[in-house]
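Structure first, then comments.
All values below come from the heavy atoms of this structure, side chains included, with hydrogens, waters and symmetry mates left out.
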Amino acid sequence: MKKLAILIVAAAPLAFAADQEDPNRVVPAGSPDKGKEVFIAKRCYRCHTVEEEKLPESDLPAIHHIHLGGTAFAGWTRDRFAAEIMNPEHVISPQHQAAMIRVGDRLGAENSPMPHFNDALTVADLIALASYLEERSK
């Protein structure tokens, strides 16, 4: 995680120069199309659906799915999506908490079921993935 965080911080000056819409962003704009490829390649669709996107079938019950995109995440920026991907324990989604309480697993409600992808994503993948999710959340 430290290596990925250091790379993102190191890329921050590039982001400031490249992002005319909001110079305070840390994560530079990436390719949403590449982000969708990463979303599928890393099998994010197993636990997440994305508004108005055709994705492969998940092998997990729908109770575990967190819907991304649309109004549910409106206003989230690339920075926010990247932070959540890098540190899924940072904020536990209310949907996950409610689902775990419904099935009687109160301890699970306090922990994110999302694995850490710090060793599985390149910085370019993270930027593309965050850009894809931001685009789908407008």
Looking at [atom1] of [X] and [atom2] of [Y], how far apart are the two atoms once the value is rounded to the nearest 0.5 Å?
{"X": "Ser131", "Y": "Phe81", "atom1": "OG", "atom2": "CZ", "answer": "10.5 Å"}
{"X": "Asn118", "Y": "Asn87", "atom1": "CG", "atom2": "CG", "answer": "8.0 Å"}
{"X": "Leu133", "Y": "Phe39", "atom1": "CG", "atom2": "CZ", "answer": "6.5 Å"}
{"X": "Phe73", "Y": "Arg136", "atom1": "CZ", "atom2": "CZ", "answer": "14.0 Å"}
{"X": "Ile127", "Y": "Ser31", "atom1": "CD1", "atom2": "OG", "answer": "11.5 Å"}
{"X": "Arg25", "Y": "Glu134", "atom1": "CZ", "atom2": "CD", "answer": "4.0 Å"}

Give every donor-acceptor pair under 3.5 Å between a side-chain atom in residues 54-61 and any protein atom, sequence neighbours left out.
residue : atom : partner : partner atom : Å
Ser58   : OG   : Arg46   : O            : 2.7
Ser58   : OG   : Leu60   : N            : 3.1
Ser58   : OG   : His65   : NE2          : 3.2
Asp59   : OD1  : Arg46   : NE           : 2.8
Asp59   : OD1  : Arg46   : NH2          : 3.2
Asp59   : OD2  : Arg46   : NH2          : 3.4

Side-chain heavy-atom pair Leu126, Ile85 within 4.5 angstrom cut-off: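 When only atoms from C-beta onward are counted, Ile85 and Leu126 do touch, with a gap below 4.5 Å.
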Any Leu121 side-chain heavy atom under 4.5 Å of Met86 side chain: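 They are not in side-chain contact.
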Might you work through the side-chain contact (heavy atoms from CB on, under 4.5 Å) test for Glu51 and His67, ending with a clear yes or no? CA-CA 7 Å; Glu51 180 127 340; His67 181 74; 3.1 Å; yes
Who are the salt bridge (Lys or Arg N to Asp or Glu O under 4.0 Å) partners of Glu135, not counting sequence neighbours?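 With sequence neighbours excluded, Glu135 shows a salt bridge (Lys or Arg N to Asp or Glu O under 4.0 Å) to no residue whatsoever.
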Taking all heavy atoms of Ala130 and all of Ala82, pick out the closest pair and write down the distance.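 Nearest pair, atom of Ala130 first, then Ala82: CB-N, 4.1 Å.
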Closer than 3.5 angstrom, by distance alone: can the side chain of Thr122 be matched with the main-chain N or O of Asp125 as a donor-acceptor pair?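 Answer holds: yes.
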Might you work through the side-chain contact (heavy atoms from CB on, under 4.5 Å) test for Trp76 and Glu84, ending with a clear yes or no? CA-CA 11 Å; Trp76 278 40; Glu84 297 296 331; 3.6 Å; yes
In this structure, which one of Glu53, Lys34, Arg78 forms a side chain to side chain contact (heavy atoms under 4.5 Å, CB included) with Tyr132?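 The side chain to side chain contact (heavy atoms under 4.5 Å, CB included) with Tyr132 is passed solely by Glu53 among Glu53, Lys34, Arg78.
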Could you work out, with ring-ring contact (aromatic ring centres under 6.0 Å, His included) as the rule, every residue matching Tyr45, not counting sequence neighbours?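 Expected list: none.
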